Amino acid sequence: MPELPEVETIRLNLIYGTKDYPSILGTIILRAVILWDRSLATPAVDKFPSRVEGQALQSIGRRGKYLVLKLTRDFLLIHLRMSGDILIESEDESISVHHRMILYLDNGYRLAFNDPRKFGRVWLVADAGEILSALGPEPLDESLTSIEFHRRITSHHRQLKPLLLDQSFFAGMGNIYTDEALHLALLHPLLKSDQLTLEESDRLLQSIRQVLNEGIKRSGASIDWVYRGGDFQNYFRVYQRTGKPCYRCGNPIVRIVSVQRGTHFCSHCQPLKE
DNA sequence: ACGAGCGCCTGTCGGC
DNA sequence: TGCCGACAGGCGCTCG
């Protein structure tokens with residue numbers, strides 16, 4: 001379940017706690033277990049536990065879709081990819097077969113990285129920049145102006161959908177929120193980015209911010225068996241609504257494939273050319 | 001510079 | 001009921 005709003009929801013839950021578990025801020029990692037070696041990008045599996053144990057969780061941040069845990073000496077970075085999730089469990093709960101890493105904390109709870117498809121990755125590094133420096137700006141960062149966004153987007157000659165999914169262009173956009181933002185902005189997903197007028201690129205920027213903020217407000221989207229507790233899936237305008245009427249004009253939502261990703265849009269409201 | 005294809009993985013669902 | 005293909009919230013890689 002991981003696009004920016006879902007990762008942000010997890011971050012807030014870890015910081016403030018939920019009805020099921022307390023905040024983990026300030027806790028100390030007593031013991032670490034890696035259950036699937038390839039989930040750990042760095043360091044080597046035999047070096048990880050001794051290095052992470054004893055460090056405190058000083059802050060919990062987010063950069064794009066990365067969860068950034070600042071520890072006493074290192075940064076623990078977690079990318080959930082397609083099916084990853086972070087669960088806080090009490091120690092008497094049974095351990096899921098999909099758990100890939102478990103950190104036992106000194107408050108009686110454990111942090112579990114659960115990831116059925118095994119695409120997710122964990123990094124333990126002294127310098128977070130070596131992983132995060134390639135990321136583009138945060139879409140919700142208001143210091144990105146309309147003028148600067150127009151300059152950036154028209155500096156590429158790329159289709160909008162692949163460009164928005166490119167994490168070096170924007171950090172945090174994924175398949176759902178890209179489709180939703182393009183529909184809200186009335187722009188065709190395959191429109192070339194250097195065709196956008198200032199008015200259109202500004203509409204796109206504001207649409208991106210609107211759908212991301214809606215997603216965060218609704219605690220993200222929960223789809224299929226990857227469940228999180230959010231309900232933004234009930235407010236999709238185009239995503240997974242193939243053949244259903246566009247809320248704006250009534251024409252059926254179309255599905256095409258772009259960059260191997262299902263892409264949903266309204267060919268009437270989002271024409272490729274006028 | 002750009003886009004298409006593939007690989008990495010497991011699980012669900014619809015059609016036959 | 002079982003089998004099979006399509007599909008799934010991501011991204012790194014190679015190849016034209």
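Proteins get letters first, then strands, A, B, ... in listed order; numbering begins at 1 in each. Source: prediction; values computed, not measured.
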Between CE of A:M82 and P of C:dC11 the distance, given in whole Å, is 10 Å

A:F236 atom CZ is separated from C:dA8 atom C1', nearest whole Å, by 12 Å

Judged by modelled atom types alone, do A:T27 and A:D106 share a side-chain donor-acceptor pair under 3.5 Å? no

Looking only at C:dC7, C:dC11, B:dG11, the nucleotide nearest the A:K65 side chain is C:dC11

(message) Using a strict threshold of under 4.0 Å (side-chain N to carboxylate O), is an ion pair present between A:D179 and A:R237?
(response) no

Requested in this report: Say whether, by atom type as modelled, one donor and one acceptor occur between the side chain of A:E180 and the main chain of A:V238 under 3.5 angstrom.
Outcome: yes

Sorted by number, residues from residues 159-185 of chain A placing a heavy atom under 4.0 Å from DNA chain B are A:Q159

Here the distance between atom P of C:dC7 and atom CD1 of A:I223, to the nearest Å, is 16 Å

Subject >> Minimum side-chain heavy-atom gap A:M173-A:D166 below 4.5 Å >> reply: no

TODO: Would you confirm whether the ring centroid of A:F75 sits within less than 6.0 angstrom of the ring centroid of A:W123?
DONE: no

With the side chain defined as heavy atoms from C-beta on, A:H79 is closest, among B:dT10, B:dC8, C:dC11, to C:dC11

Item to complete: Decide whether a cation-pi geometry holds between A:R241 and A:Y247; the criteria are a distance under 6.0 Å from NZ or CZ to the six-membered ring centre and an angle within 45° of the ring axis.
Response: yes

note: A:H264, atom NE2; C:dA8, atom C1'; distance rounded to Å ~ 10 Å

**Prompt:** Which whole number of Å gives the distance between the P atom of C:dG5 and that of B:dC6?
**Reply:** 16 Å

Here the distance between atom P of B:dT10 and atom CG of A:L80, to the nearest Å, is 18 Å

Check: Has A:H98 got a side-chain N or O lying under 4.0 Å from the OP1 or OP2 atom of B:dG11?
Finding: yes

Out of B:dG5, C:dA8, B:dC2, minimum distance to the side chain of A:K192 belongs to B:dC2

From NE2 of A:H156 across to C1' of B:dC2 the rounded distance in Å is 10 Å

Every stem of 3 or more Watson-Crick or G-U pairs under 3.5 Å that DNA chain C joins, in order of first number, is B:2-8 with C:10-16, B:10-16 with C:2-8

Separation of C:dG12 atom C1' from A:Y66 atom OH, nearest Å, is 11 Å

Give me the distance, rounded to whole Å, that separates B:dC9 from C:dC4 when you measure between the P atoms they each carry. 22 Å

What residues 114-140 of chain A contributes to the DNA chain B interface at heavy-atom separation below 4.0 Å is A:P116, A:R117, A:K118, A:F119

*How are the rings of A:F232 and A:Y235 set relative to one another: parallel (under 30°), tilted (30 to 60°) or perpendicular (over 60°)?*
parallel

Q. Passes salt bridge (charged side-chain N to carboxylate O under 4.0 Å, His left out), A:R63 versus A:E138? Steps please.
A. CA-CA 8 Å; A:R63 181 76 174 91; A:E138 290 287 323; 2.9 Å; yes

**Request:** Look at the side-chain N and O atoms of A:R100 and state whether any lies under 4.0 Å from the OP1 or OP2 oxygen of B:dC9.
**Result:** no

| said: Using OP1 and OP2 only, check whether a side-chain N or O of A:R38 sits under 4.0 Å from B:dC8. | reply: no

For this session: Look at the aromatic rings of A:F149 and A:F170 and report parallel, tilted or perpendicular, splitting at 30° and 60°.
Result: parallel

Notebook entry, point to check: Does atom CD1 of A:I147 have more than 12 heavy-atom neighbours, drawn from other residues, nucleotides or ligands, at distances under 6.0 Å?
Noted result: no

Side-chain-base donor-acceptor pair under 3.5 Å for A:E3 and C:dG9: no

Query raised in the report: Does a side-chain N-to-carboxylate-O contact under 4.0 Å join A:E214 and A:R218?
Result: no

Could you check, using the six-membered ring where one of them is a Trp, whether A:F265 and A:H188 have ring centers closer than 6.0 angstrom? yes

To the nearest angstrom, the CD-C1' distance between A:Q260 and C:dT14 comes to 13 Å

